[in-house]
Amino acid sequence: MASTLTVDNIVGAASASTIHIPGHIIQTVTGTHSTQLTTTSTSYITSGVTATITPKSSSSKILILSNFQAQVTSVNNQSGYFTVFRGSTNLGNGGQFLRLEVNVDNWFGSQTIQHLDSPNTTSATTYDLQFRSQTSALTTRIHLTNNTGYLTLLEIAQ
């Protein structure tokens, strides 16, 4: 004998947007920029690499991953600095995440930054990779020969 199940409506108890499993990635956003930029400024300027994320929960953490090509040109043991801002807040403890010190005439290479942020918001939040020179006698470049720089944001459930 066969069974028959008849229903008028089925409603799910949970959906992907309402399931909360600590430690899992909820969403991923990536920003890129590939035009070489140069500065001698001692104040941070944008590298053009930004990404905006709207956290699903105010308790979520945002894992920030960045990769880019950089060059520092100097002869006086000076440094180029790289950091990530959340809005107007420098997440590099007020300084930087990455310091490239030059004790030769020219230094360049691939660089990475990783940081776990706690924005405590469900509003759209913009992150911006920025850079500067230690002194105006130093030239700092990012996205060498128009290589693409990345800023990836992963929302992690808590």
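Heavy-atom basis, side chains included; hydrogens, waters and symmetry copies ignored.
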Cut-off 3.5 Å, side chains only: do [X] and [Y] have a donor facing an acceptor?
X	Y	answer
Thr42	Arg132	no
Gln130	Thr46	no
Thr135	Gln78	yes
Thr30	Thr152	yes
Thr50	Asp128	no
Thr73	Thr139	no

How close do [X] and [Y] get, counting heavy atoms only, and between which atoms?
X	Y	value
Leu144	Gln36	CA-OE1, 3.3 Å
Ala157	Ile21	CB-O, 3.4 Å
Gln69	Ser110	NE2-CB, 3.4 Å
Pro55	Pro119	CG-CG, 4.5 Å
Phe97	Leu91	CZ-O, 3.1 Å

Any non-hydrogen side-chain atom of [X] less than 4.5 Å from a side-chain atom of [Y]?
X	Y	answer
Phe82	Gln111	no
Val84	His115	no
Ser123	Thr54	no
Ile26	Ile156	no
Ile62	Leu116	no
Gln134	Ser79	yes
Gln27	Ile53	yes

Can you list the steps and then say if Lys56 with Thr122 is a side chain to side chain contact (heavy atoms under 4.5 Å, CB included)? CA-CA 6 Å; Lys56 304 287 185 201; Thr122 56; over 6 Å; no
At what distance, to the nearest 0.5 angstrom, does OG of Ser66 lie from CG of Leu151? 5.0 Å
OG1-CG distance between Thr83 and Asn90, expressed to the nearest 0.5 angstrom: 3.5 Å
Let me see the working for Asn120 and Ser58 under side chain to side chain donor-acceptor pair (under 3.5 Å), right down to the final yes or no. CA-CA 5 Å; Asn120 298 315; Ser58 61; over 6 Å; no
Given Val29 and Tyr127, is the side chain to side chain contact (heavy atoms under 4.5 Å, CB included) satisfied, shown in steps? CA-CA 11 Å; Val29 176; Tyr127 292 84; over 6 Å; no
What about the rings of Tyr44 and Phe85, do their centers lie closer together than 6.0 Å? yes
For His143 and Phe68, what are the C-alpha separation, side-chain angles and deciding distance, and is it a ring-ring contact (aromatic ring centres under 6.0 Å, His included)? CA-CA 6 Å; His143 317 309; Phe68 53 93; 7.2 Å; no
Apply the test side chain to side chain contact (heavy atoms under 4.5 Å, CB included) to residues Leu154 and Leu65: give CA-CA distance (whole Å), side-chain angles for both, the deciding distance (0.1 Å), then the verdict. CA-CA 8 Å; Leu154 290 83; Leu65 306 171; 3.8 Å; yes
NZ/NE/NH1/NH2 to OD/OE distance under 4.0 Å, Arg86 and Asp117: yes
Taking Ser133 for the side chain and Leu138 for the main chain, is one N or O donor matched with an acceptor at less than 3.5 Å? yes
Please report the C-alpha distance between Leu63 and Leu153 in whole Å, then the side-chain angles of each, then the deciding distance to 0.1 Å, and finally whether the side chain to side chain contact (heavy atoms under 4.5 Å, CB included) criterion is met. CA-CA 6 Å; Leu63 179 59; Leu153 309 173; over 6 Å; no
Indicate, with yes or no, if Tyr150 and Ile113 share a hydrophobic cluster defined by side-chain heavy-atom contacts under 4.5 Å among Ile, Leu, Val, Met, Phe, Trp and Tyr. no
Any link between Val49 and Ile45 through a network of hydrophobic side chains (Ile, Leu, Val, Met, Phe, Trp, Tyr) touching at under 4.5 Å? yes
